[in-house]
> 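Before we start, here is the structure in question, set down as structure tokens.
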2 protein chains.
Amino acid sequence: MKQSRNRKPSGTMPSVLDPDQQICRSLYSAANALIRTYRPLLEPLGLTYPQYLVMLALWEKDAVPVTRICRRTRLETGTVTPILKRLEGKGLITRGRSDTDERQRVIELTRSGRAMKAQAESVPVDMACMALLTPEEGRELQRLTETLYERLIEHQAKA
Amino acid sequence: MKQSRNRKPSGTMPSVLDPDQQICRSLYSAANALIRTYRPLLEPLGLTYPQYLVMLALWEKDAVPVTRICRRTRLETGTVTPILKRLEGKGLITRGRSDTDERQRVIELTRSGRAMKAQAESVPVDMACMALLTPEEGRELQRLTETLYERLIEHQAKA
DNA sequence: GATTGATATATTGTGCACAATATAATTGCA
DNA sequence: TGCAATTATATTGTGCACAATATATCAATC
């Protein structure tokens with residue numbers, strides 16, 4: 001592992017509490033840095049990354065309940081509800097009520113929200129152009145993070 | 001890639017906007033889920049994960065300026081300063097001033113903060129016991145996230 | 001058809017995460 | 001010496017992220 005910024009003296013006893021050994025720090029800082037990198041690409045759309053994630057879910061399938069948005073974005077309702085309100089405020093979605101189940105909202109794209117999809121197509125393209133990872137590295141990283149995610153959810157379900 | 005929760009009809013045109021294709025979502029949701037999993041392990045210490053990260057930095061090297069904490073945690077000063085205030089409030093650290101440079105703080109562990117280190121040793125152990133990833137998977141994941149992080153920082157420096 | 005339990009969403013409170021900006025001390029150097 | 005540029009930290013404002021809790025509707029069953 002590279003430690004260009006924190007070389008240890010050779011012969012140092014490795015500690016389980018060494019920050020450089022923390023997989024979670026690596027994962028966390030990479031995720032934060034990646035979202036920071038999305039920012040300028042999303043700025044023309046006026047979206048944050050979590051807002052973009054919600055829009056992706058809706059471009060995939062429109063007129064869905066909040067539950068589905070949570071499932072596809074992997075965020076909790078307490079996170080998603082305020083995001084939906086902001087997207088409504090921007091005029092990108094509506095938050096109607098289901099006819100068959102008064103508890104359920106039906107989240108629908110407005111014309112403006114639908115129109116944004118075309119503009120958004122450039123975001124993954126621009127991101128890919130940065131060539132941050134090779135295609136193989138990208139696939140491997142996604143495979144590993146998906147594995148980890150699944151096991152964490154599974155573990156969480158047991159507790 | 002597994003898509004147990006969102007099978008697409010075979011022959012569906014793959015979209016660059018498909019949520020399941022987003023490496024960033026995989027990374028983000030795995031990082032969030034991992035930090036959630038740390039929570040019960042850190043609860044006996046009364047720490048959040050970012051607070052724990054700061055403590056790791058101080059257990060590695062005590063009596064350091066804020067800059068070093070930022071570097072080792074990979075968090076910004078705007079994030080770290082309030083965390084340091086909370087840790088000070090818990091009686092784990094002090095935030096003195098440097099004699100040689102009045103701008104600089106010297107962040108030092110208190111006796112209580114130093115004592116916590118022994119208790120914290122069990123956290124990585126308990127985490128490892130969950131066997132979320134094999135040692136090889138763990139190493140590979142850390143290698144890839146470190147690579148990504150470095151390239152993102154590099155890219156950010158250019159802009 | 002009333003009650004019990006489950007489900008869908010919303011609210012509240014705490015703690016990040018960071019950009020932008022402010023403040024203050026130090027350093028360089030004209 | 002004086003002052004411009006740099007550096008260290010703090011502050012402000014916005015938007016997550018989530019646990020815990022609340023509320024309202026629906027479903028099941030007695």
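Quick note on labels: first sequence line is chain A, next is B, and so on, each numbered from 1.
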> Using a strict threshold of under 4.0 Å (side-chain N to carboxylate O), is an ion pair present between B:Glu88 and B:Arg105?
no
> Does A:Tyr49 have A:Arg39 sitting over its ring (NZ/CZ under 6.0 Å from centre, angle to axis within 45°)?
no
> Could you tell me how far apart B:Arg97 (CZ) and D:dT7 (C1') are, to the nearest whole angstrom?
14 Å
> What's the CD-P distance between B:Glu76 and D:dA10, to the nearest Å?
14 Å
> Can you measure A:Leu84 atom CG to C:dA8 atom C1' for me and round it to whole angstrom units?
13 Å
> Is it true that B:Asp18 and B:Arg25 make a salt bridge, defined as a side-chain N closer than 4.0 Å to a carboxylate O?
no
> Quick one: is B:Thr67 getting a side-chain N or O under 4.0 Å of the D:dT9 phosphate, OP1 or OP2?
yes
> Which whole-number value in Å describes the distance from B:Lys85 NZ to D:dA10 P?
7 Å
> Could you state the CG-P distance from B:Asn32 to D:dA19, rounded to the nearest angstrom?
10 Å
> If only side-chain N and O atoms of A:Thr48 are considered, is one of them under 4.0 Å from the OP1 or OP2 phosphate oxygen of D:dT14?
no
> Below 4.0 angstrom from OP1 or OP2 of D:dC16, is there any side-chain N or O of A:Arg86?
yes
> CG/B:Leu144 to CG/B:Leu27 distance, rounded to the nearest 0.5 angstrom?
10.5 Å
> Reckon B:Pro82 touches a base, only the sugar-phosphate, or nothing at all at heavy-atom distances under 4.0 Å?
nothing
> From the set D:dC16, C:dT11, D:dT11, return the single nucleotide nearest to any side-chain atom of A:Thr79.
D:dC16
> With nearest nucleotide decided by heavy atoms, which residue, A:Arg95 or A:Arg36, maps closer to the 5′ end of DNA chain C?
A:Arg95
> Step through the shown structure and confirm whether more than 12 heavy atoms of other residues, nucleotides or ligands are within 6.0 Å of CD on A:Glu43.
no
> Write down the distance between CG (A:Leu75) and P (C:dA10), rounded to a whole number of angstrom.
15 Å
> Look at the side-chain N and O atoms of B:Thr81 and state whether any lies under 4.0 Å from the OP1 or OP2 oxygen of D:dA10.
yes
> From the options B:Ile83, B:Ile69, B:Leu87, B:Asp62, select the one residue that forms a side-chain contact (heavy atoms from CB on, under 4.5 Å) with B:Ile93.
B:Leu87
> Walk along nucleotides 20-26 of chain C from 5' to 3' and tag each nucleotide B, S or - by protein heavy-atom contact under 4.0 Å, base first, then sugar-phosphate.
----BBS
> Whole angstroms only, please: what is the CD1-P distance between A:Ile35 and D:dG15?
16 Å
> If only side-chain N and O atoms count, and only distance matters, is there a donor-acceptor pair under 3.5 Å linking A:Gln104 with A:Arg97?
no
> Rounding to a whole Å, what distance do you find between A:Leu47:CG and D:dC16:C1'?
14 Å
